[in-house]
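Inspection log for the structure reproduced underneath, given as structure tokens.
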Protein chains: 2
Amino acid sequence: MARAATTADAFNAVAEPRRRQILDALAGGERPVNDLVRLLDLAQPQVSKHLRVLREVGAVDVRDKGRQRLYRLNGHALKPIHDWVKNYERSWSERFDQLDVVLEDLKQKEEGNGSE
Amino acid sequence: MARAATTADAFNAVAEPRRRQILDALAGGERPVNDLVRLLDLAQPQVSKHLRVLREVGAVDVRDKGRQRLYRLNGHALKPIHDWVKNYERSWSERFDQLDVVLEDLKQKEEGNGSE
DNA sequence: TTGACACATTCCCATATGGGTATATGATTG
DNA sequence: CAATCATATACCCATATGGGAATGTGTCAA
């Protein structure tokens, strides 16, 4: 067996630096492909291919506008990554234990307020 | 050019599900290779190869004990991933703005206490 | 020393890249 | 309709897999 497809999940899609650059660029808002081509200094077909991968894992959405295609970030697809890596935060954050207590406290208060 | 090496950085290393499983297993503490072989239900050479990748990106450390090799998690290598994905948390956490304010407040107090 | 045990490394192979280049598709303009 | 602009796809190729199988290396026991 070979390596898993980059479209297998967000972890694989985001392993490629160019694709992280694209997401970072889209964090500022919707952008057409040519914008990304200039920003990344990469050939247009390559950018389109990276965008395809990001679309397949749901990290970006597209919208047509005349002859342009506007890509927009959909960070929701990155949640699994965040959820997974969050559990290792203890390893480097010495104040995590402290923060943990505070967050737990916050959660209690919030439930008390019944704001959901 | 082909895909970047899995040993290029933590992002690539962690794109492989088996390697995430290994890290999760090591989260409980130091373990010999055979433990992982049983837990992952994977052949020993494959486990050793995955461990090599994780070692090369600094996600695990090794220690010799007789004929065993005890692997230990080093979550510090995962910090770059956390730092990157953290910026997208807004996308799915509706209460992020609220939390943001609280954290900012905490930061202020902390600096006031001069606890570093 | 010999054998067993715990791992690491090597070799083989099917597969999926990521970039380069050429070309197809779709919309807009003249 | 023809020409042009904005993208997407198709192809080619060098490269790095991840698993399977066999073998090498170091340690402990008899």
Side-chain angles (χ1 to χ4, degrees), chain A residues 1-26 29-57 59-73, chain B residues 1-26 29-57 59-73:
Chain A
M1 197 187 284
R3 204 187 307 194
T6 57
T7 55
D9 55 40
F11 283 95
N12 279 283
V14 156
E16 167 65 32
R18 304 293 201 167
R19 287 195 283 265
R20 290 201 298 279
Q21 281 179 33
I22 289 180
L23 294 179
D24 291 341
L26 293 179
E30 232 177 13
R31 278 180 184 288
V33 178
N34 262 341
D35 259 37
L36 299 171
V37 169
R38 284 176 220 115
L39 286 171
L40 300 199
D41 192 38
L42 190 61
Q44 176 268 313
Q46 277 61 325
V47 173
S48 280
K49 279 187 277 188
H50 283 311
L51 285 168
R52 187 162 172 26
V53 172
L54 290 173
R55 236 174 36 212
E56 291 200 34
V57 300
V60 299
D61 293 321
V62 214
R63 179 169 76 90
D64 285 35
K65 182 189 177 189
R67 33 183 150 180
Q68 303 189 36
R69 307 205 76 192
L70 302 180
Y71 281 82
R72 172 209 300 256
L73 173 70
Chain B
M1 198 186 282
R3 203 185 310 191
T6 57
T7 55
D9 56 40
F11 283 94
N12 279 282
V14 157
E16 167 65 33
R18 304 293 204 166
R19 286 195 282 266
R20 290 201 298 280
Q21 282 179 31
I22 289 179
L23 293 179
D24 290 342
L26 293 179
E30 232 177 14
R31 278 181 186 286
V33 178
N34 262 339
D35 259 37
L36 299 170
V37 169
R38 282 177 222 117
L39 286 171
L40 300 198
D41 193 36
L42 189 62
Q44 175 267 312
Q46 277 61 321
V47 172
S48 282
K49 280 187 274 188
H50 283 311
L51 285 168
R52 187 163 172 30
V53 173
L54 291 174
R55 236 172 38 211
E56 291 198 36
V57 299
V60 299
D61 293 321
V62 214
R63 179 169 76 89
D64 285 35
K65 183 189 175 189
R67 34 184 148 177
Q68 302 189 35
R69 306 205 79 191
L70 301 180
Y71 281 82
R72 172 208 301 256
L73 173 70

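Chain naming here is simple, since letters A, B, ... match the order of the sequence lines and numbering starts at 1 in each.
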Would you say [N] has OP1 or OP2 under 4.0 Å from some side-chain N or O of [X]?
X	N	value
B:R19	D:dG18	yes
B:N34	C:dC7	yes
B:Q44	C:dA6	no
A:R67	D:dT7	no
B:Y71	C:dA8	yes

Would you kindly give the [atom1]-to-[atom2] distance between [X] and [N], to the nearest whole Å?
X	N	atom1	atom2	answer
B:L40	D:dG18	CG	P	14 Å
B:F11	C:dG18	CZ	C1'	19 Å
B:D41	D:dG20	CG	P	10 Å
B:L42	C:dA8	CG	C1'	15 Å
B:R3	C:dT15	CZ	P	14 Å
A:D64	D:dC5	CG	P	20 Å
B:L36	D:dG19	CG	P	14 Å
A:R69	D:dT9	CZ	C1'	12 Å

Next item on the list: Would you mind telling me which residue lines up with the more 5' stretch of DNA chain C, A:T7 or A:A43, judged by nearest nucleotide?
Entry: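 Between the two, 5'-proximity favours A:T7.
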
Check: On DNA chain C, nearest-nucleotide positions of A:K49 versus B:R31: which is more 5'?
Finding: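 Taking each residue's closest nucleotide, the earlier one in sequence belongs to B:R31.
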
Heavy atoms only, 4.0 Å cut-off, all strands: where does [X] land among base, sugar-phosphate and nothing?
X	value
A:S48	base
A:P32	sugar-phosphate
A:Q68	sugar-phosphate

Next item on the list: Please tell me which of A:R52 and A:M1 maps to the more 5' nucleotide of DNA chain D, matching each residue to the nucleotide holding its nearest heavy atom.
Entry: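 Its nearest nucleotide being more 5', the pick is A:R52.
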
Margin query: Within this structure, what is the CD-CD distance for the pair A:Q46 and A:Q44, rounded to the nearest 0.5 Å?
Written below: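 Here the interatomic distance stands at 8.5 Å.
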
Margin query: So if I take every side-chain heavy atom of A:A5 and compare against C:dC7, C:dA16, C:dC11, which nucleotide ends up nearest?
Written below: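 The answer is C:dA16, which lies nearest to the side chain.
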
Check: Nearest of D:dA8, C:dA8, D:dG19 to any side-chain atom of B:P45?
Finding: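 The closest nucleotide is C:dA8.
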
Check: Taking atom types as they are modelled, is there a donor-acceptor pair under 3.5 Å from the base of D:dG20 to the side chain of B:Q46?
Finding: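 It does, because a donor-acceptor pair links the side chain of B:Q46 to the base of D:dG20 below 3.5 Å.
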
Notebook entry, point to check: Is there a donor-acceptor contact under 3.5 Å from the side chain of B:R55 to the main chain of B:V60?
Noted result: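 Here the side-chain-to-backbone pair does not exist.
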
Next item on the list: For the pair B:R19 (side chain) and B:V14 (backbone), establish whether a donor and an acceptor sit closer than 3.5 Å, ignoring hydrogens and angles.
Entry: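 Looks like no, no N/O pair under 3.5 Å.
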
Margin query: Between A:R3 and B:T6, is the side-chain contact (heavy atoms from CB on, under 4.5 Å) condition met? List the steps.
Written below: CA-CA 10 Å; A:R3 204 187 307 194; B:T6 57; 3.8 Å; yes

Next item on the list: Side-chain contact test, heavy atoms from C-beta onward, threshold under 4.5 Å: evaluate it for A:L51 versus A:L36 and give yes or no.
Entry: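 Answer yes - side chains close enough.
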
Checklist line | Lys/Arg N to Asp/Glu carboxylate O, A:D41 vs A:R38, below 4.0 Å | finding: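 Between A:R38 and A:D41 there is no salt bridge, as every charged N stays at least 4.0 Å from the carboxylate O atoms.
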
